[in-house]
Structure formats: structure tokens, C-alpha cells
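Heads up: the structure comes next, in C-alpha cells.
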Amino acid sequence: MVEAAASRIPSCSYCGEPAVIYQPERRRHLCGTHLVRDVENRVEATIREEDLIRPGDRVAVGLSGGKDSTALLIILSRLLSKIPEAKLIAITIDEGIAGYRSDTIKSAEELTRSLGVEHRIISFYDMVGRDLDTILRGREPQACTVCGILRKKALMDTSRACDATVIATGHNLDDEAQSVLMNALRGDLPRLIRNAGAGRPALFLARVKPLAAVTEKEIAAYLFVQGRFPVLPECPYTRYALRAEVRGLLAGLESRHPGTMARLVESKKKIERYTTGVPVMEPLHRCRECGDPCSGELCQVCRLRCSLDL
Ligand SMILES: [Zn+2]
Ligand SMILES: [Zn+2]
């Protein structure tokens, strides 16, 4: 490894330019150019190996305007030219969170305009007649559960309305590792190995995560070197989430034991391989109220509507 003599900035292991990131598992430093190439190559490999996007697909991208979905849209807009007849549509959900959403929506609009990607915005208000702040008053600790259920519904319905054939979200390796640990901590086996025997489900619109092998740090650096780093407020409700604690715990482990997050996600995949074809979830029915696929009598959204009187 070549160290730049004059400064303390390490040099790229490939070209000797100043490095912007160190990848401990691969024991290499990368400059901006090589990092961008590495991230895009790995996302392309994930898409190809896991057959995530096919020729002719209309890909709905959940675009919050934050780092992950911004990077996802940029990368897909570059990669999709290689997939015949594939098309992108960006969907932004306005939950109605005061002091948080307006900036991220503006950032999403600027991005889609600059990339020439069709953009739809859907609000919780349009969907259930109230915004998230109003729904959550006095129920703040449930914020992420309530918001998650409604967001998933909004993304699914809007994607269907756009005739999308697949939904892509910006979940990265950190998110995936956090989810594995959270589901294990909750004892939620069905959710832990939900993807067993995945592929294109019959009742749901398929959801894919092309950034699942890329770390949050790599995504941040990827955007930063291209001058695309969105500086946005953090969602005010995150402090209520178990995820915030799990994130802190995993970040500490990862820095002392590089590769922890990747191995955690790998163990989930191993369990999935061992359990392929084993029924771990209740069989799917149609919701009594709305007809969406679900495991009980009522889907999560309709149960939420009942309990919150929406
Ligand atoms: Zn380089
Ligand atoms: Zn329902």
C-alpha cells in the first residue's frame, strides 16, 4: 500500500490518488473514482446474481430523498440502460412530519429532475385523511411501527397504480444487519426468514434491495465524492425506535470487529437456505376489509385503521 509522503491521507490501493475510504475487510484504500466504480459494480453484481431486475421491468424506487434512496436512484439510472426496456419511476411518500419532510421532498424533486426520472408524491393525508403527526399524538412510542405500515401500503398502492412490476428500496447492509438482530431479539422467526424461497411472489408486488451488500459509510462516501450528499434533518421519531439502540450496538461491534454486519446477514441467508420450502408463516389469505394479501383475517393496515379510528 502506497502512503502519500507529504500528507497523512492514505493513497488509493489502485491508482495512488488520495483515498476517501478504507475497506477493512478487503484491506484496501479507494479514491473517489475507484469507490464509485466499486459500489456500482457490486450493485450490478447483486442485481444480476439475485435476478432482481429483468428486461421490461417497470421499477418503482421508494425515494425518501435521504442518502440511501438518493444513491439507489443514481445507481439504477446508470445501470438500467444496460437492461433492455427497463424503466424507473420514483415514488416519494409525504408522511406529514413537521420540520422534516419538506426539505427531503425538495431534495427528491431536484434529483428526479436532474436524472430525468418520472416522480410521484403520495401523502398519508391523501391516503387516510390525516398526517402522521396528528395520527401519532400521544402515541409517539409507536411511531416507527405505525409509519412503517402506512408507508409500505402507500408505496405498494402507488407502485401498482404506476403499473410497476417490482419495487426497489434503498436498504443497505447496515439496515439489513440491524433487521436481522432486531428480529432475533424479538424472537420473530417468521420475519427473520421471511424471504425463504423468495423470487417473485404471487400475491405481493416483489420488493428488492439492490444496495443490500453496500455499507452506509460506502453510500455516504459514494454520494460525497460526486457532490450529491443530501444534508437533511433526521426524522424526529427515530429516538423512540429499538432500531436506534441496535444501530449503536452494531456500529460499535463493526468498528472493533470489521465484517460483523456482513456475517450477520450471511447467517440469515444460511438459515433461509436450510429452511427453503419450510412453511414458517401463516398461509396468505385476502383481507376481509380491503382484499390485500395478509396472514390473518385483517391486514396490518386495516387493523391499524380500526385501532386508530382512521
Ligand atoms: Zn484510485
Ligand atoms: Zn385490509
Side-chain angles (χ1 to χ4, degrees), residues 1-45 71 74-75 78 91 93 95 122-130 132 135 139 142 144-161 164 167 190-191 194 201-207 214-215 217-229 281-310:
M1 203 173 304
V2 192
E3 291 289 330
S7 75
R8 285 168 183 275
I9 299 175
S11 307
C12 174
S13 306
Y14 295 96
C15 69
E17 287 293 308
V20 294
I21 198 165
Y22 177 62
Q23 296 176 323
E25 272 189 280
R26 297 177 176 82
R27 296 171 186 275
R28 65 185 186 188
H29 294 274
L30 295 180
C31 68
T33 309
H34 279 107
L35 171 73
V36 168
R37 201 176 297 166
D38 175 58
V39 168
E40 292 180 357
N41 286 344
R42 279 159 54 207
V43 174
E44 190 176 1
I74 293 172
I75 296 171
R78 290 176 186 170
I91 298 173
I93 296 156
E95 300 93 342
I122 163 109
S123 71
F124 280 3
Y125 194 88
D126 296 337
M127 196 168 72
V128 293
R130 273 194 267 166
L132 189 68
I135 296 170
R139 297 190 184 87
Q142 298 173 43
C144 295
T145 309
V146 172
C147 182
I149 292 171
L150 292 178
R151 229 179 26 231
K152 201 162 133 193
K153 166 88 174 155
L155 186 58
M156 191 64 85
D157 287 357
T158 313
S159 302
R160 277 205 198 103
I167 298 177
R191 201 182 290 257
R194 172 174 295 190
L203 287 179
F204 290 103
L205 200 48
R207 292 163 64 95
V214 185
T215 66
K217 198 170 140 193
E218 288 167 332
I219 290 170
Y222 172 87
L223 291 172
F224 187 78
V225 299
Q226 298 178 86
R228 293 271 201 181
F229 193 84
M281 304 211 19
E282 303 272 317
L284 286 177
H285 311 282
R286 294 273 178 192
C287 170
R288 194 179 64 203
E289 286 293 322
C290 71
D292 274 359
C294 64
S295 52
E297 287 263 290
L298 285 177
C299 73
Q300 283 184 309
V301 179
C302 289
R303 264 182 280 161
L304 197 66
R305 278 180 191 273
C306 284
S307 71
L308 300 181
D309 200 19
L310 287 173

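Count residues from 1 along the sequence. We count ligands from 1, going down the list as the structure has it; atoms in each ligand are counted the same way. Bear in mind that the values here come from a model prediction, so they are computed numbers and not experimental data.
Proximity of Leu150 to Leu304: side-chain heavy atoms (C-beta onward) are separated by under 4.5 Å at one or more points.
Expressed to the nearest 10°, the angle at the Zn ion (ligand 1) joining ND1 in His34 with SG in Cys12 is 110°.
In this structure, Arg139 contributes its side chain and Ile135 its backbone to a donor-acceptor pair below 3.5 Å.
Counting all heavy atoms, side chain and backbone alike, Tyr222 lies closest to Arg78 at OH-NH1, 3.3 Å.
No salt bridge links Glu289 with Arg305; every basic N to acidic carboxylate O contact stays at or beyond 4.0 Å. A salt bridge is absent between Arg26 and Asp38: the closest approach of a Lys/Arg side-chain nitrogen to an acidic carboxylate oxygen does not fall below 4.0 angstrom.
Take the Zn ion (ligand 2) and draw a sphere of radius 2.8 Å; the protein N/O/S atoms inside it number 4.
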TODO: Could you please spell out the steps behind the side-chain contact (heavy atoms from CB on, under 4.5 Å) verdict for Cys12 and His29?
DONE: CA-CA 5 Å; Cys12 174; His29 294 274; 5.6 Å; no

